Amino acid sequence: MHPQPGYYSLVQFCPDPSRLEAVNVGVLLFCPASDFVQVKLIDGNDRVKKVFGKEAFHPRALDAAKRGLVYRLEKTDDRPRSKEDLERFVGARADNVRLSEPRSLVVDEPQQELEALFQKLVIEPARPRARRRPPLVPELEALFRNLKRDKRARLNVSVEVPVLEKRINVPYVYENGLINYVKPYYFPAKESSAENAAMVLAVEGDLLAKHLTADGRDQKLVVVTTFAPTDRNDRLRQRVFGVLEEYHVQAVRPENVTEYIEQVQREAH
């Protein structure tokens, strides 16, 4: 088919015309040269409900209004024959299902163009899946996934901190006579931020160490440390390690990660 002029309008649901807020529920494509007039509507009213709430419309009434619009445009004498006819039809709509002002475009295949307009302007785009962050310490992740497979560890456990009455997420948990909550942590280069993070972890670890679990077992927080590069790295590390170890938190230094992994491999049960 040769390219031809066309016009499209969005079919919109507008519960309160004074607010000029609308949801696209369909699209109309009109090609006068080939007498093509067709409307494609979205199935259901989930998008309308999501935007305006279920109190803003009656599903049966909305469905009837959409069907009535399609019938008038495609089946009756109201069917537009020219651009002016379409503009008059659009201008005459006063209820909550209406058409946007027609816009022009060049159409090669009307049916394909209608589908393309529908996908682009009406269908809500799928949200991209959030990328899973890579683990802070990949070798630790590999260890605990293997331990979990052997039923010697658990992953992503929510733990309640006594006294504070708050829950923290712990990536890795294993037992070796007591319960070890293993949490890799990246300390930023800014000293105040790193120290504040260390103090929070210290308080959480101290409270866990001082209180038994609900079934009467000892528990401990283990922080596997990583640090942002900084010219004050040695001083910052010593402050972080000092705070953590003062409050009964085992701090695994970056240079000792391999040794710690070997220890967990031996002891976890």
Side-chain angles (χ1 to χ4, degrees), residues 126-190 193-230 233-269:
R127 295 182 179 177
R129 295 180 64 180
R131 288 186 178 183
R132 184 175 180 269
R133 290 184 178 180
L136 279 176
V137 186
E139 58 268 43
L140 196 67
E141 174 82 4
L143 166 70
F144 276 96
R145 289 202 172 275
N146 288 334
L147 291 176
K148 179 179 185 294
R149 182 194 59 203
D150 297 337
K151 298 182 179 179
R152 297 167 61 199
R154 291 176 288 155
L155 304 182
N156 298 318
V157 177
S158 177
V159 178
E160 183 171 354
V161 180
V163 182
L164 292 180
E165 296 184 352
K166 80 169 194 176
R167 304 193 74 84
I168 59 173
N169 183 68
V170 179
Y172 316 119
V173 178
Y174 78 98
E175 297 182 33
N176 63 348
L178 71 160
I179 301 177
N180 294 265
Y181 303 122
V182 182
K183 188 170 186 176
Y185 199 91
Y186 178 83
F187 291 91
K190 186 177 180 181
S193 298
E195 290 169 358
N196 287 338
M199 286 188 284
V200 170
L201 291 166
V203 170
E204 293 170 350
D206 187 54
L207 291 171
L208 287 167
K210 287 179 176 177
H211 294 78
L212 301 178
T213 64
D215 55 356
R217 291 184 290 173
D218 291 317
Q219 52 191 340
K220 178 176 71 173
L221 180 63
V222 181
V223 177
V224 180
T225 63
T226 58
F227 293 85
T230 171
N233 204 39
D234 289 341
R235 185 177 67 180
L236 178 60
R237 287 186 180 204
Q238 292 310 313
R239 286 186 180 179
V240 168
F241 297 144
V243 169
L244 293 177
E245 292 166 358
E246 183 72 20
Y247 285 88
H248 310 99
V249 176
Q250 181 179 349
V252 178
R253 303 176 184 232
E255 61 271 22
N256 295 335
V257 168
T258 299
E259 180 183 343
Y260 177 69
I261 286 175
E262 293 173 353
Q263 175 190 335
V264 174
Q265 180 68 54
R266 291 192 307 268
E267 297 180 355
H269 62 262

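All values derive from a computational prediction rather than experimental measurement.
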Are [X] and [Y] close enough that some pair of their side-chain heavy atoms sits under 4.5 Å apart?
X	Y	value
L236	F187	no
L136	E141	no
L164	V203	yes
P135	P184	no

Can you name the closest pair of heavy atoms from [X] and [Y] and give their distance?
X	Y	result
A194	P188	CB-O, 3.6 Å
V182	F144	CG2-CZ, 4.0 Å
Y185	V223	CB-CG1, 3.9 Å

Query raised in the report: To the nearest 0.5 Å, what is the distance between CG (L208) and CG (L178)?
Result: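 So the CG of L208 and the CG of L178 are separated by 11.0 Å.
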Report task. Identify, with sequence neighbours excluded, every residue that meets side-chain contact (heavy atoms from CB on, under 4.5 Å) alongside T213. Result ->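 Checked T213 against side-chain contact (heavy atoms from CB on, under 4.5 Å); matches are I179, Y181, D215, R217, Q219.
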**Report entry** Pairs meeting criterion salt bridge (Lys or Arg N to Asp or Glu O under 4.0 Å) with involvement of residues 152-171, two or more places apart
**Finding:**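 Every pair satisfying salt bridge (Lys or Arg N to Asp or Glu O under 4.0 Å) with a residue in residues 152-171: E160-R167, K166-E204.
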Report task. Apply side chain to side chain contact (heavy atoms under 4.5 Å, CB included) to T225 and R237, showing your working. Result -> CA-CA 9 Å; T225 63; R237 287 186 180 204; over 6 Å; no
Requested in this report: Mind running side chain to side chain contact (heavy atoms under 4.5 Å, CB included) on V264 and L147 for me, showing each step along the way?
Outcome: CA-CA 9 Å; V264 174; L147 291 176; 3.7 Å; yes
Under 3.5 Å, side-chain donor or acceptor atoms of residues 240-263 against the rest of the protein: list the pairs with distances, not counting sequence neighbours.
from	atom 1	to	atom 2	distance (Å)
H248	ND1	D206	OD1	2.8
Q250	OE1	K220	NZ	2.8
Q263	NE2	E267	OE1	3.4

Query - For V159, the option from N169, L221, I168 that meets side-chain contact (heavy atoms from CB on, under 4.5 Å) - result: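 In the set N169, L221, I168, the residue that makes a side-chain contact (heavy atoms from CB on, under 4.5 Å) with V159 is I168.
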